[in-house]
Amino acid sequence: MKKVGFFRSIHLKFVIIYVLLILIAMQIIGVYFVRTLEDTLMTNFQNSLEQRVDMLVFDIEEEMVKERGKEDPTKEEAIRQLLKDYKPSASDISEVRVIDASNFRILGTSDPSKQGIVGQRITELKIKRSIALEKDEGSIQVDKQTVKPNRVWVQSTPIFSEGEVIGAVYLVAKVENIFSQMKDINRILFTGTGIALVFTALLGILLAKTITRPIADMKKQALVMTRGNFSRKVKVYDNDEIGQLAMTFNVLTKKLQEATATTEGEKRKLSSVISNMTDGVIATDRKGKIILINKPAADMLDVSRETALSSEIVSILGLEEDYTFEDLLLEQESVILDFSTEKKPLILRANFSVIQKESGFVNGLIAVLHDITEQEKIEMERREFVANVSHELRTPLTTMRSYLEALADGALDDKDIAPQFLQTTRTETERMIRLVNDLLQLSKMDRTDYHLAKEWIDFSLYFNRVIDRFELTKNQNVTFVREIPEAAIFVEIDNDKITQVLDNIISNAMKYSPKGGQITFRVKEEDSEIVISISDQGMGIPKENVGKIFDRFYRVDKARTRKLGGTGLGLAIAKEMVQAHDGDIWAESVEGKGTTVFFTLPYDRTAEDEWS
Ligand code: ADP
């Protein structure tokens with residue numbers, strides 16, 4: 001954070017405010033005090049002057065109205081004498097003049113050096129006015145005759161006798177004394193103000209420090225907190241408002257620390273959930289740029305996180321042609337994405353949800369990717385299965401309908417054709433029953449709660465009995481070769497189910513065997529399993545189709561097998577049953593030479609020993 005400049009600091013503001021306050025206070029006090037003092041001093045001066053002038057006026061009036069004899073001194077002499085006597089008692093009076101009101105001439109002056117002016121007419125307006133207006137006239141004037149211009153008090157007082165003005169006393173008194181006193185006082189005040197200001201400034205700095213120190217501390221603490229460090233505490237200096245603020249700040253720090261810890265914890269939990277979930281998650285900013293992508297999403301889309309983080313979501317999902325980012329924001333349904341390659345099928349379902357503020361402002365988008373390849377495959381298989389079943393049922397039904405129609409149309413009366421037609425419908429009906437039975441069998445196997453009724457049997461003995469049954473019923477010119485160990489081989493199997501597996505494989509071998517062909521039955525003991533194989537010398541299966549013969553409804557040559565009465569489900573059922581026994585089933589075939597179908601069953605030699 002930027003440092004607070006000196007001119008903006010609280011320190012300076014405090015000092016300026018304090019200094020201004022003191023300055024204003026001192027100014028107000030000073031002006032008021034000086035004014036009052038000046039007035040008081042002037043009034044005292046005037047009062048004391050008044051008293052003395054009154055006495056002088058009284059004496060002069062007496063002298064002026066006095067009856068004089070020949071030997072008495074003249075009026076002027078008497079007044080001069082009076083003024084001479086009067087002088088010492090009034091050191092601040094520099095000159096006193098007495099004026100005769102009858103002719104406006106000066107009767108006398110106390111200043112010995114100005115005796116020349118006696119008898120002259122007065123020129124001062126003040127004297128004339130005081131005589132005319134019959135009252136005191138006084139004011140301060142500047143005496144320019146002195147070296148340094150001096151302020152003097154000039155006053156003219158009328159002299160009354162029997163109600164009439166007979167003259168005037170004009171005096172000049174020194175007032176400079178008062179002003180110099182005032183000057184001294186002003187200087188004292190000024191110095192006082194200066195000292196007070198210095199102290200105030202110091203006090204201001206101190207006070208500002210006491211306020212700014214905890215504030216600066218809090219600022220430091222807040223800065224440390226922004227870096228995620230909550231261990232520091234603000235020092236509480238006092239229990240005043242700032243102290244309480246510091247305490248509250250410390251409480252706030254603790255609360256913030258707890259809140260941050262909770263948020264961090266939640267964040268960690270969320271990120272661990274996101275990275276550990278099997279679904280892919282992509283989050284974008286409000287413009288559609290990817291800001292988060294978890295590993296499953298990156299794996300599904302086969303991009304590195306770094307590449308994804310600098311890309312737009314629409315391009316990463318390969319949706320640029322059909323969607324804009326705004327479309328995705330409004331997309332309510334899930335979008336199916338096909339990322340299948342030649343090597344690997346991959347179908348993804350993307351669900352979008354908008355990250356919105358309460359105000360409705362869109363902050364971004366979250367896309368959840370779910371791998372639905374398996375689901376889609378199952379769904380496709382289901383559809384294919386339903387189509388196959390319908391087709392398989394429709395073929396015999398159509399055949400039956402046409403034969404029944406022919407019979408109804410008159411073939412029934414034809415003794416040669418009727419039994420033949422009826423035989424065909426019967427064969428078709430049997431085929432349908434077989435088909436439905438096989439379907440039921442498969443659907444039973446598909447159930448999750450499917451149980452095997454397992455029991456321990458001697459497989460050699462059991463296998464020979466199954467082959468015997470075929471040998472008895474076979475009407476074909478094939479020979480059976482048995483390569484089955486004579487010793488008992490004990491395995492735990494569901495008798496009925498494995499019988500069905502063997503029935504399906506052996507009947508196929510017989511079905512596809514040529515006349516005079518040989519069918520070889522083998523049982524081989526291995527460490528943990530026995531391998532049963534049935535080989536024929538039939539026409540075999542093309543190499544590329546060998547793996548598919550265990551699929552439902554798969555037939556190498558549809559027309560031919562249908563003729564042979566196959567449903568295309570026999571080996572599929574066999575596969576389910578062998579797998580239910582934790583075994584494996586496969587076929588090996590050479591076209592034109594023959595086919596061998598193998599299957600394994602779990603086998604435990606130690607259990608064998610126990611039996612023997
Ligand atoms: P189906 O009831 O049609 O025989 P299966 O599931 O038993 O159905 O067999 C599937 C297909 O595998 C048959 O249609 C046939 O084409 C082929 N197949 C099975 N066993 C043999 C074999 N021993 N020799 C030649 N082809 C066979």
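Side-chain atoms are counted along with the backbone in the values below, which use heavy atoms only and exclude waters and symmetry mates. For ligands, and for the atoms within them, numbers begin at 1 and follow the listed sequence. Owing to the predicted nature of the structure, the values given are computational and were not obtained by experimental measurement.
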**Report entry** R434 with D438: basic N within carboxylate O range, under 4.0 Å
**Finding:** no
Query raised in the report: By number and element, which atoms of ligand 1 are closer than 4.0 Å to a non-hydrogen atom of Y554?
Result: 10 (C), 11 (C)
Query raised in the report: So does E471 pair up with R482, basic N to acidic O under 4.0 Å?
Result: yes
Query raised in the report: ligand 1 versus L571, non-hydrogen atoms closer than 4.0 Å: side chain, backbone, both, neither?
Result: both
Query - Salt bridge flag under 4.0 Å for residues D503 and R469 - result: yes
Query - I541 N/O under 3.5 Å from ligand 1 N/O - result: no
Requested in this report: For the pair S589 (side chain) and G540 (backbone), establish whether a donor and an acceptor sit closer than 3.5 Å, ignoring hydrogens and angles.
Outcome: no
**Report entry** R555, any N or O under 3.5 Å of ligand 1 N or O
**Finding:** no
Query raised in the report: Are any of the heavy atoms in N504 under 4.0 Å away from ligand 1?
Result: no
Query raised in the report: Counting heavy atoms only, which part of F550 comes closer than 4.0 Å to ligand 1: side chain, backbone, both or neither?
Result: neither
Report summary line: Here the side-chain hydrogen bond (donor to acceptor under 3.5 Å, both in side chains) pairs for residues 353-368, sequence neighbours left out, are none
Report task. Only heavy atoms count here, so choose which of S589, S513, G540, G568 is nearest to atom 3 (O) of ligand 1. Result -> G568
Requested in this report: Compute whether any side-chain donor of one residue and acceptor of the other, for S535 and R522, lie under 3.5 angstrom apart.
Outcome: yes
Query raised in the report: Using heavy atoms and a threshold below 4.0 Å, how should the contact between D536 and ligand 1 be classified: side chain, backbone, both, or neither?
Result: side chain
